Engineer: 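Before we start, here is the structure in question, set down as structure tokens.
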Number of protein chains: 2
Amino acid sequence: MTTNATTLLTVLGDPTRQAILDLLLEGPQPVGELAALLPVSRPAVSQHLKVLKGAGLVVDRQEGTRRVYRVDPDGLAPLRAYLERFWQTAMDAFAQHAETQHADNQADKEKDR
Amino acid sequence: MTTNATTLLTVLGDPTRQAILDLLLEGPQPVGELAALLPVSRPAVSQHLKVLKGAGLVVDRQEGTRRVYRVDPDGLAPLRAYLERFWQTAMDAFAQHAETQHADNQADKEKDR
DNA sequence: CCGAATCGTTAGTCGTAACTTACGGTAAGT
DNA sequence: ACTTACCGTAAGTTACGACTAACGATTCGG
């Protein structure tokens, strides 16, 4: 599922989910392994993984009796695009502001004569 | 103040703060103006602006009796860097995984003979 | 100097979601 | 078939933060 940047940010807002993603960054891992490395119970990890999966940030594959999760790099694409666009327009606004400031200073200098 | 990506994500996790940033993207605005465009009260906006300011995402300047806020583009730098690095390592892991899969398939083919 | 306008802060309420416990379900081993 | 291992889900509790209301501070204008 492809998700927009707003919901992606809300999903990534939780520290536990951030920790889960950071752990999965070092390689695919089953649920129990993740829970053992985290200060929360295993069902909690399952619920977080469900949210992450719903946001398209992770994918899972059945492996015997275990469920192995891994990060989906493409899931971050909308957020990256949003941040780039945001940063771009913010920079433009700042440049325009600096220009206006500069023009004002010029005007002040003119007035000082 | 320069903030790490983790706290930046937690700060950006709130929808109201996202809306505030989106409004500030169209130009610097005072608190009252923002509150008028949002479905929350003015103090709520003030508190969110305090958080955003603490994270280095916005800066404010006193203008008479009003306080004008604007986005600080550099505040997003740590998050952008984090996402790039995250995406990079996730891609590498995926590539390595695909390679291993390929090797396994090769091995299977060898075994089939 | 007094009133109006704008804002930050505090105290307190309330809703939400993160968490735990308990349960059921599936797959593999003996 | 029984047991063990691993996991998802449902129900219930709790903690946290987002919000409002009330107050105090600051600045400008008349």
Side-chain angles (χ1 to χ4, degrees), chain A residues 1 3-24 26-72, chain B residues 1 3-24 27-72 75:
Chain A
M1 184 200 301
T3 322
N4 54 347
T6 301
T7 52
L8 270 182
L9 281 176
T10 340
V11 167
L12 292 175
D14 184 69
T16 304
R17 281 194 283 266
Q18 297 173 16
I20 291 178
L21 284 180
D22 282 336
L23 287 178
L24 286 182
E26 303 171 3
Q29 286 175 4
V31 181
E33 189 76 16
L34 293 173
L37 301 175
L38 290 173
V40 295
S41 71
R42 184 194 52 79
V45 177
S46 268
Q47 294 170 3
H48 283 302
L49 285 172
K50 184 178 183 180
V51 176
L52 290 172
K53 182 180 176 183
L57 290 172
V58 299
V59 290
D60 60 334
R61 65 165 176 268
Q62 190 106 13
E63 196 156 296
T65 164
R66 300 184 305 181
R67 224 149 219 285
V68 182
Y69 285 82
R70 66 171 178 87
V71 296
D72 184 8
Chain B
M1 185 201 301
T3 321
N4 54 349
T6 303
T7 53
L8 270 182
L9 280 177
T10 7
V11 167
L12 292 176
D14 183 69
T16 304
R17 282 195 281 267
Q18 299 173 13
I20 290 179
L21 284 179
D22 282 337
L23 286 179
L24 286 182
Q29 286 176 2
V31 182
E33 189 75 16
L34 293 172
L37 300 175
L38 290 173
V40 293
S41 71
R42 185 195 50 80
V45 177
S46 269
Q47 295 171 2
H48 283 304
L49 285 171
K50 185 179 183 179
V51 176
L52 290 172
K53 182 181 176 181
L57 290 173
V58 298
V59 291
D60 59 335
R61 65 164 177 269
Q62 191 106 14
E63 197 156 296
T65 162
R66 299 185 304 180
R67 234 154 208 281
V68 182
Y69 285 83
R70 66 172 178 86
V71 296
D72 184 8

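Chain A is the first sequence line, chain B the second, and so forth, proteins listed ahead of strands; every chain is numbered from 1. Keep in mind the model is a prediction, meaning the values are calculated, not measured.
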Engineer: For C:dA17, does either OP1 or OP2 sit under 4.0 Å from a side-chain N or O belonging to A:His48?
Structural biologist: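 Indeed not, no polar side-chain atom of A:His48 lies that close.
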Engineer: Whole angstroms only, please: what is the CG-C1' distance between B:Asp14 and C:dG15?
Structural biologist: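 Atom-to-atom, B:Asp14 to C:dG15, this comes out as 13 Å.
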Engineer: Given A:Ile20, which partner from the list A:Leu23, A:Leu24, A:Asp22 fulfils the side chain to side chain contact (heavy atoms under 4.5 Å, CB included) test?
Structural biologist: A:Leu24
Engineer: Roughly how many Å is it from CG in A:Leu52 to C1' in C:dA17, rounded to a whole number?
Structural biologist: 14 Å
Engineer: Rounded off to whole Å, could you give me the CG-to-C1' distance for the A:Asp60 and D:dT9 pair?
Structural biologist: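 Distance check: A:Asp60 CG to D:dT9 C1' gives 15 Å.
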Engineer: Does a distance-only test, which skips hydrogens and angles, find a donor-acceptor pair under 3.5 Å between the side chain of B:Glu33 and the base of C:dT6?
Structural biologist: no
Engineer: For a quick test of reading the model: is some side-chain N or O of B:Arg42 closer than 4.0 Å to OP1 or OP2 of D:dC19?
Structural biologist: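 Answer is no, no contact under 4.0 Å.
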Engineer: What's the closest nucleotide to the side chain of A:Gln47 if the choices are D:dA18, D:dG8, D:dA11?
Structural biologist: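 Output: D:dA11.
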Engineer: Identify the heavy atoms of B:Leu38 and B:Ala19 that sit nearest to each other, and give their distance.
Structural biologist: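 Heavy atoms only, the tightest pair is CD2-CB, 3.8 Å.
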Engineer: Counting side-chain heavy atoms from CB outward, which of D:dT20, D:dC19, D:dC7 is closest to B:Ser41?
Structural biologist: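 Of all the options, the side chain of B:Ser41 is nearest to D:dT20.
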Engineer: Using a cut-off of less than 4.0 Å, is there contact between a side-chain N or O of B:Tyr69 and OP1 or OP2 of C:dG8?
Structural biologist: yes
Engineer: Could you tell me the separation between the CG atom of B:Leu49 and the P atom of D:dC19, rounded to a whole number of Å?
Structural biologist: 12 Å
Engineer: More 5' along DNA chain D: A:Pro43 or A:Arg66, using each one's nearest nucleotide?
Structural biologist: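 Result: A:Arg66.
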Engineer: Which listed nucleotide (C:dG8, D:dG8, C:dT20) is nearest to the side chain of B:Val31?
Structural biologist: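 Looking only at side-chain atoms, B:Val31 lies closest to C:dG8.
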Engineer: Rounding to an integer number of Å, can you tell me how far B:Leu34 CG sits from D:dC19 P?
Structural biologist: 14 Å
Engineer: Check whether any side-chain N or O of A:Thr16 sits under 4.0 Å from OP1 or OP2 of C:dA18, and answer yes or no.
Structural biologist: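 No, because none of the side-chain N or O atoms of A:Thr16 sits under 4.0 Å from OP1 or OP2 of C:dA18.
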Engineer: A:Gln62 CD to C:dA27 P: how many Å, rounded?
Structural biologist: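 After rounding, the gap between these two atoms is 7 Å.
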Engineer: Starting at NZ of B:Lys50 and ending at P of D:dA18, how long is that distance when rounded to a whole Å?
Structural biologist: 13 Å
Engineer: Looking across every strand, which nucleic acid part, if any, lies under 4.0 Å from B:Pro30 by heavy atom: base, sugar-phosphate, or nothing?
Structural biologist: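 Here B:Pro30 touches the backbone only, sparing every base.
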Engineer: Roughly how far apart are B:Asp72 CG and B:Leu52 CG, rounded to 0.5 Å?
Structural biologist: 11.5 Å
Engineer: Does A:Gly64 or A:Val40 map to a spot on DNA chain C nearer the 5' end, using the closest nucleotide for each?
Structural biologist: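 Its nucleotide being nearer the 5' end, the pick is A:Val40.
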Engineer: B:Glu63 CD to D:dT26 C1': how many Å, rounded?
Structural biologist: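 Taking atom C1' of D:dT26 as the reference, CD of B:Glu63 is at 16 Å.
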Engineer: Can you tell me if A:Arg67 uses its side chain to pair, donor with acceptor, with the backbone of A:Val31 under 3.5 Å?
Structural biologist: no
Engineer: So, do B:Leu12 and B:Leu21 sit near enough that their side-chain heavy atoms are less than 4.5 Å apart?
Structural biologist: yes
